[in-house]
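The structure appears below as structure tokens.
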Amino acid sequence: MTDPFALDDDIPDPFQPAPRRGGPAPVPADAPWLIGLNPEQHQAVTTTEGPVLVLSGAGTGKTRVLTSRLAQILAGRRAQPWQILAVTFTNKAAREMKNRVAHMVGPVAEQLWLGTFHSLCVRILRRHAEAVGLKSNFTILDADDQLRLLKQVMEAEHIDNKKWPAQSLMGAIQRWKDRGLTPDKIGADLAGDLAGGRAGQLYRLYQERLRTLNAADFGDLLLHCLTLFLSHPDALAHYQEQFRYILVDEYQDTNVAQYLWLRLLAQKHKNICCVGDDDQSIYSWRGAEVGNILKFERDFPGAAVVRLESNYRSTPHILAAASALIANNADRLGKTLRPGLKHEASEIEKVRVRGVWDGPEEARVVIEEIETLQRRGESAASMAILVRAGFQTREFEERLITTGIPYRVIGGPRFYERQEIRDALAYLRLINSPDDGLAFERIVNLPKRGLGDAALQAVHAVARARAFPLFEAARLLVETDELKPKPRGALSKFCDDVLRWRSLLDDLPHPELAEMVLDESGYVEMWKNDKTPEAPGRVENLKELVRALSDYENLQSFLEHVALVMENDQRDGVDKVTIMTLHGAKGLEFDNIFLPGWEEGVFPHQRAMDEGGNAGLEEERRLAYVGLTRARKRVLVTFAANRRIYNQWQSALPSRFLDELPAGHVEVQAERGLMGSWSQPAKPKGPGAWAIAPKERTSDFDVGERVFHQKFGGGTVLAVDGDKLEINFDKAGTKKVLDSFVEPA
DNA sequence: ACAGTCGGTTTTTTT
DNA sequence: AACCGACTGT
């Protein structure tokens, strides 16, 4: 066995610049990255020693501070690039930071330890895999494989998957991992009655299965890293020594495991700089703990705290609207955003709010506005539609297609999640890692080789009996007469093929190998013979996959990229409107922002409130804050009075967040009667002016009266609450609607 | 072994 | 409505 602590990768290679001598050097005050910083930014950049917490509001130049700080440390000869750890939350942020630093300090930026938590953990784990029970070429499973594996475990344990869906147990396991909890830490108190009280045991079995498959899921990457650090003090000491400076982006989004990871690594030098904004914490559902910000000063006594409050992005109206909204959250550190830019008064528009009848009309209104802006010279690329949930994109897409406006959906079906790509990857995974049983199962009978349930069962039986990986079990099985001749021959051929491909791994360039595999396996052929309309596209995607392979040194690094960088950044030069979720928009900015679907239940999302209570509502509000602060010049917020959900029409009430926008900075344009009590002209009277009307206004309808509603048809009034009616519709059941939507029948 | 049908569920956000 | 998974018949 190789020494798990071999760290020879860290020895500087001859291509790196000679180590700087003579310790820190002064950085000239006119260094390019210091020019134009405001005093707070300057302080955040130049306070390189000791712990620093930067509370950075939206649009206050956070990325600039981080990159300048990196440049400052490097130019001040305070550390070699590989002694600096810079952690981001997304791959996009990592890439941008790397580019910007490279621009300032040149190619040494390549040597920084800069990346997402997950990619940095993989980098460490590849070297110490044995220490946590894996081999260095371990596979990183995606969500799909994770669930598949857990289902297998649960099935083997005879857990009724109707009563205990694998999905919810998966969620629990992930949250445990987010908190740094290994199976031995899961007591009855944590497991609860999940999976009949056997959740802890199932978690353990799942982890065991992962190890046998030489695989790790996303959460494992951090968890194993923590295990490594805690069980191998020499490894921890090595990295503590190495990372003289640590920088963390989006600190408010770190979960407990990530927090522990950082805290361990920072113990030696304590030069850790965390940048975050509690008002933009929107990932608590994924285990993020805003509390990590609060703990910072406790864990690192004497930490310098810098507040960045000058906003260089949005107009005063937008800032005022966002600030007033977020002020409704009780649980926050409190920051005040100040306009940092000069704006031409004539150019400044108020935030606009518009109510419409239903979803399709909302799409029409938004796209009309897009066209208007385009006529005024705004580019499509300057506009983004930010939705709460993925399903909302459809109506806008449809409308954009009919209008012929180019658009792109970020976060839609991703390239590496497509069926054909995952199948092709399974072939490559099996070649790369013989232990990858999930890959084996996925492709052993794809294309159809006449290997069905019976054959697969037999393979499983052998694997279990001998504690072999599935692939090895299959090889053994075909030497026996266990299988009928036909399946036996097919399986034998399959095994021979895989072995042959694997033997070529070192000799053939990997793109050629991939091409050969896809060809000889008959996989491409399968799609070429497929008559469905999407088949040609799939063949194209496979070609693209082979092409993408050539961008990577070897198969292993490609597979890793696929697992960690699940994004499709179609940043072609074409001028396109962007559609994405609010979560996806964090960190981005656009001149023109559209915020549709501001209705109770949609936004704030019902489930967020049901499951998260008031904390859930506050997180939704932060999401709204993130949405508003993406805009530089214009915001259009819309809501629809009726929405089709599960193919059922439902009436909706305007989002409470609308009430929280300050009247003086908002302009309301609603169609007659659609706003309910929100009728224009509203009398602006400071914040809250939009509040749903005084209860004095009572509907003209009476209980028991027959009414007619455009979408729901006829019904009987059950109750009257101000201008809201509860109506028992003959067809659609009981619903609450505003009285302006119904007429006497 | 596999295709076709039936019935139940789905829509929160993602490294 | 549309998709998925389990079941059934060939």
Side-chain angles (χ1 to χ4, degrees), chain A residues 87-94 115-122 140-144 146-148 151 155 160-162 165-167 171 174-175 177-178 216-223 249-250 253-255 257-258 280-288 386-394 410-412 414 416-417 419 445-457 483-484 486-487 490 560-567 580-587 597 601-612 616 619-620 622-624 626-627 643-650:
Chain A
V87 196
T88 63
F89 196 61
T90 65
N91 294 293
K92 203 167 53 190
T116 61
F117 278 103
H118 298 272
S119 68
L120 293 165
C121 283
V122 170
I140 302 163
L141 296 188
D142 61 25
D144 217 65
Q146 286 173 39
L147 196 61
R148 206 179 297 246
K151 273 184 185 158
E155 199 167 338
D160 181 358
N161 71 350
K162 290 233 166 67
Q167 202 112 31
Q174 268 163 1
R175 263 167 279 127
K177 289 186 176 182
D178 287 341
D217 69 16
F218 260 92
D220 281 343
L221 299 178
L222 267 141
L223 200 60
D249 190 15
E250 307 279 19
D253 286 331
T254 51
N255 60 37
Q258 291 162 337
Q280 293 187 65
S281 159
I282 53 176
Y283 284 106
S284 73
W285 51 274
R286 215 174 65 189
L386 307 184
V387 297
R388 174 64 182 86
F391 74 91
Q392 291 173 271
T393 61
R394 215 176 93 187
I410 307 275
R414 291 176 252 216
Y416 294 119
E417 281 175 4
Q419 184 192 340
N445 196 32
L446 198 80
K448 297 269 182 299
R449 298 187 173 91
L451 297 167
D453 236 23
L456 204 56
Q457 287 301 326
L483 294 175
K484 290 185 188 138
K486 237 169 100 184
E560 188 170 307
H561 169 85
V562 168
L564 293 174
V565 191
M566 294 268 266
E567 58 183 307
M580 64 177 135
T581 63
L582 287 159
H583 283 89
K586 195 169 62 139
V602 177
F603 191 37
H605 198 277
Q606 194 57 51
R607 234 171 105 178
M609 294 188 288
D610 290 347
E611 288 169 15
E619 179 145 322
E620 295 288 292
R622 291 194 289 270
L623 206 45
V626 167
R643 183 103 31 205
R644 194 169 49 182
I645 295 171
Y646 296 130
N647 206 32
Q648 275 236 310
W649 282 99
Q650 297 208 277

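None of these values were measured; they are calculated from a predicted model. Naming convention: chains lettered A, B, ... in sequence-line order (proteins, then strands); numbering from 1 in each chain.
- As rounded to whole Å, 19 Å separates atom P of B:dT14 from atom CG of A:L222.
- Within 4.0 Å (heavy atoms only), A:G219 reaches no atom of the nucleic acid at all.
- Remark: A:S119 engages A:T116 in a side-chain hydrogen bond (donor to acceptor under 3.5 Å, both in side chains) (not counting sequence neighbours).
- For the residue pair A:D610/A:Q606, the side-chain donor-acceptor check at 3.5 Å is satisfied.
- The side chain of A:A454 sits closest to B:dA1 out of B:dC2, B:dA1, B:dT14.
- Closest of all the heavy-atom pairs between A:Q258 and A:D253 is OE1-O, 3.9 Å.
- Taking the six-membered ring where the residue is Trp, A:F89 and A:Y283 present tilted rings, their angle falling between 30° and 60°.
- Straight-line distance from the CG atom of A:D610 to the P atom of B:dT13: 16 Å, rounded to whole Å.
- With rounding to whole Å, A:K486 atom NZ is found 10 Å from B:dA1 atom P.
- Among the nucleotides B:dT11, B:dC2, B:dT13, the one closest to the side chain of A:F391 is B:dT11.
- OP1 or OP2 of B:dT14 has not a single side-chain nitrogen or oxygen of A:T90 nearer than 4.0 Å.
- In this entry the distance linking CG of A:L147 with C1' of B:dT14 reads 15 Å, nearest Å.
- Contact between A:V602 and A:G597 at its shortest, heavy atoms only, is CG1-O, 3.5 Å.
- With B:dT15, B:dT11, B:dT13 as the candidates, the nucleotide lying closest to the side chain of A:A389 is B:dT13.
- Nearest-nucleotide mapping onto DNA chain B: of A:G450 and A:E620, the residue sitting toward the 5' end is A:G450.
- Atom CG of A:N255 and atom P of B:dT13 are 20 Å apart (whole Å).
- Ranking B:dA1, B:dT14, B:dT11 by closeness to the A:D453 side chain, first place goes to B:dA1.
- A:E611 comes within 4.0 angstrom of a nucleotide base, judged by non-hydrogen atoms across all strands.
- Each of B:dT14, C:dG5, B:dC2 was ranked by its minimum atom distance to the side chain of A:T581; first place goes to B:dT14.
- Rounded to a whole Å, the CG atom of A:D220 is 14 Å from the C1' atom of B:dT15.
- Among the heavy atoms of the strands lying under 4.0 Å from A:F89 are primed sugar atoms or P, OP1, OP2 only; no base atom is included.
- With rounding to whole Å, A:K151 atom NZ is found 12 Å from C:dA6 atom C1'.
- Looking at the side chain of A:T116, the nearest of the listed nucleotides C:dG5, B:dT15, B:dT11 is B:dT15.
- Between B:dT13 and C:dC4, the two C1' atoms lie 22 Å apart (nearest whole Å).
- Out of B:dT13, B:dT15, C:dG5, the shortest distance to the side chain of A:H118 is found at B:dT15.
- Put simply, CD on A:Q146 is 16 Å from P on B:dT14, counting in whole angstrom units.
- For B:dT14, neither phosphate oxygen OP1 nor OP2 lies less than 4.0 angstrom from any side-chain nitrogen or oxygen of A:N91.
- Where A:A455 and A:H605 meet DNA chain B, the nucleotide closest to each residue was compared, and A:A455 sits on the side nearer the 5' end.
- Judged purely by atom type and a 3.5 angstrom limit, A:H118 has no side-chain atom pairing as donor or acceptor with the backbone of A:L564.
- Stacking annotation: A:F218 is stacked on the base of B:dT15 (ring centroids less than 5.5 angstrom apart, interplanar angle below 30 degrees).
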